[in-house]
Amino acid sequence: MHEDSAIESWIAAMLTGSGLPVERRAEVADELHGHLQQRITAYRDAGLSEEQAIEGALADFGSPRVIRGQLRRQQRALDRRHALSELRRHTRWLLTVCGLFAVAAAIFAPGPPLTRYLAGACLFAVLLTTGSVATYFASLAERKVKHRLPRPEHHFVRSCLRWMAVAALFLAGTLLFGPVMVGIAGYLGQNSLFQSILYRAPEIVEGAPWLIWYNIGVAALESPIRSFVVPFFMVLGAALLITLYERSRCVDGQTTLVGD
Amino acid sequence: MRFDRELLKGTTETFLLAALAESPCHGYQLVEQLKRRSDGIFELGEGTVYPLLYKLEAKGWIKGQWDSDTALRRRRVYRITPRGRRQLAQRTRQWEELVRGMTLILKGAAHA
């Protein structure tokens, strides 16, 4: 039995079906090849024949099936961790972009101007709050897969507070600068800033308090963003299902990467 | 000696961290050290060291680098990272407590 061919066939048996990426396989093969060669050399130096040295080295190394299983479980865990990390990142971006679309659509939709603007802001706030829940689950699952000690309560509160603080700031900004924005929009439309503010003033005072909440749903469903809303919530639902599934796989807050 | 698999969980990782905390090693050296330092009590399938090393590397506790100085085949040398040292310190404390507790319990059982 030739040394190199015996090592190569053992490594090939171990790597087949291991799930490692191609470039990683080459590295692992290189590393294990070096180890086996050293072991064979050590046995040869100890007085064993070529045949015995190879057999002894391969026996010491263990079953390729067992090692393949360990590598596969490890790779799956890494892939899952990466997927969750990406999911969390993309969920955040998706929510922010959808929120901005919602605001833009609400502002330029027909209806009383400040109401539209506030509706957009509220919709944005709702989306951010939803974002806090979605990213909480995604990051929780990610943390668990990373084998770190999760602190669900603290993390959840912090996550919600962070997102809601942004939403609150946005709402506060809307209340403070909404009339100015409406004025600018009116100025652009009617070419008269003062005229616009004067004409809109009664609507601002009378219409806004009652129509804000009513208009959240209406602004979303009657504006062009509905084409974004449905796929968005489908993606969000899928994300939540995946993260819940990942949570259910974690035992006592810990999942090992190798599995055993 | 054959140990219960559940009992051994985590011990190999701790050993690998401890060995790498002393000096950077490649896989072959680690296996040799494990045999020598445990006085033959721990005998590991040599191939099973690598998934563990990759796992520790994925966690950021150790870092592997190809050693190009050798005239033979390239070897990957592993070094412990600061995070790995912190992890080792934590595990060492846990082990010491565990051993102390188990010793007290088992001594008590032997005298009963």
Side-chain angles (χ1 to χ4, degrees), chain A residues 3-4 7 10-11 13-15 18-21 24-42 56-82 145-149 254-260, chain B residues 3-14 16 25-36 40 42-78 83-84 86-87 90-91 94:
Chain A
E3 179 185 314
D4 273 341
I7 293 175
W10 189 96
I11 289 173
M14 192 271 291
L15 287 176
S18 64
L20 293 177
R24 187 84 184 107
R25 280 178 186 222
E27 282 194 344
V28 171
D30 221 15
E31 187 171 20
L32 299 191
H33 200 128
H35 185 131
L36 280 163
Q37 265 187 338
Q38 270 191 293
R39 177 61 67 208
I40 291 169
T41 308
L58 294 181
D60 285 351
F61 228 69
S63 159
R65 191 178 55 80
V66 172
I67 299 164
R68 180 176 61 223
Q70 289 180 333
L71 287 175
R72 191 168 48 220
R73 282 193 292 276
Q74 185 181 350
Q75 189 59 39
R76 277 183 188 162
L78 284 172
D79 289 345
R80 203 162 61 233
R81 197 175 94 181
H82 179 69
V145 171
K146 270 182 171 175
H147 202 102
R148 288 180 182 172
L149 187 69
Q254 291 192 333
T255 295
T256 59
L257 286 176
V258 168
D260 57 354
Chain B
F3 287 98
D4 184 82
R5 195 175 159 146
E6 286 296 311
L7 194 65
L8 279 179
K9 260 187 183 176
T11 52
T12 319
E13 283 182 24
T14 310
L16 292 176
C25 292
H26 51 79
Y28 183 83
Q29 286 174 320
L30 282 168
V31 171
E32 289 294 299
Q33 271 204 47
L34 177 63
K35 278 184 196 166
R36 194 175 60 248
F42 293 126
E43 283 189 22
L44 198 68
E46 294 187 15
T48 58
V49 168
Y50 289 95
L52 286 172
L53 285 171
Y54 303 149
K55 176 183 166 183
L56 297 182
E57 195 174 18
K59 286 179 174 178
W61 296 348
I62 63 172
K63 187 169 169 54
Q65 271 182 323
W66 287 103
D67 178 14
S68 53
D69 291 342
T70 175
L72 297 166
R73 203 176 183 92
R74 288 194 311 153
R75 290 186 303 199
R76 200 162 159 80
V77 177
Y78 294 93
R83 277 180 67 190
R86 283 197 295 275
Q87 185 63 217
Q90 189 186 333
R91 286 185 177 215
Q94 286 174 354

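Protein chains get the first letters and strands the later ones, always in sequence-line order, with residue 1 at the start of each.
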Exactly one of A:Arg39, A:His35, A:Gln37 should register a side chain to side chain donor-acceptor pair (under 3.5 Å) with B:Tyr28. Which one does? A:Arg39
Pair B:Arg75 + A:Glu31, salt bridge at N-O below 4.0 Å: no
Does the side chain of A:Asp30 come within less than 4.5 Å of B:Trp66's, by heavy atoms? yes
Exactly one of A:Val66, A:Val28, A:Ile67 clears side-chain contact (heavy atoms from CB on, under 4.5 Å) with B:Pro51, and that residue is A:Ile67
Interchain contact, B:Glu32 with chain A, by part (heavy-atom threshold 4.5 Å): side chain
Under 4.5 Å from any heavy atom of chain B - which part of A:Arg68: neither
Counting only heavy atoms not in B:Lys35, do more than 12 fall under 6.0 Å of its NZ? yes
Taking side chain as C-beta onward, heavy atoms only, is A:Leu36 less than 4.5 Å from B:Glu46? no
Under 4.5 Å between any side-chain heavy atoms of A:Gln70 and B:Lys55, yes or no? no
Give, as side chain, backbone, both or neither, the part of B:Val49 having an atom under 4.5 angstrom from any heavy atom of chain A. neither
Portion of B:Tyr54 that has a non-hydrogen atom of chain A nearer than 4.5 angstrom: both
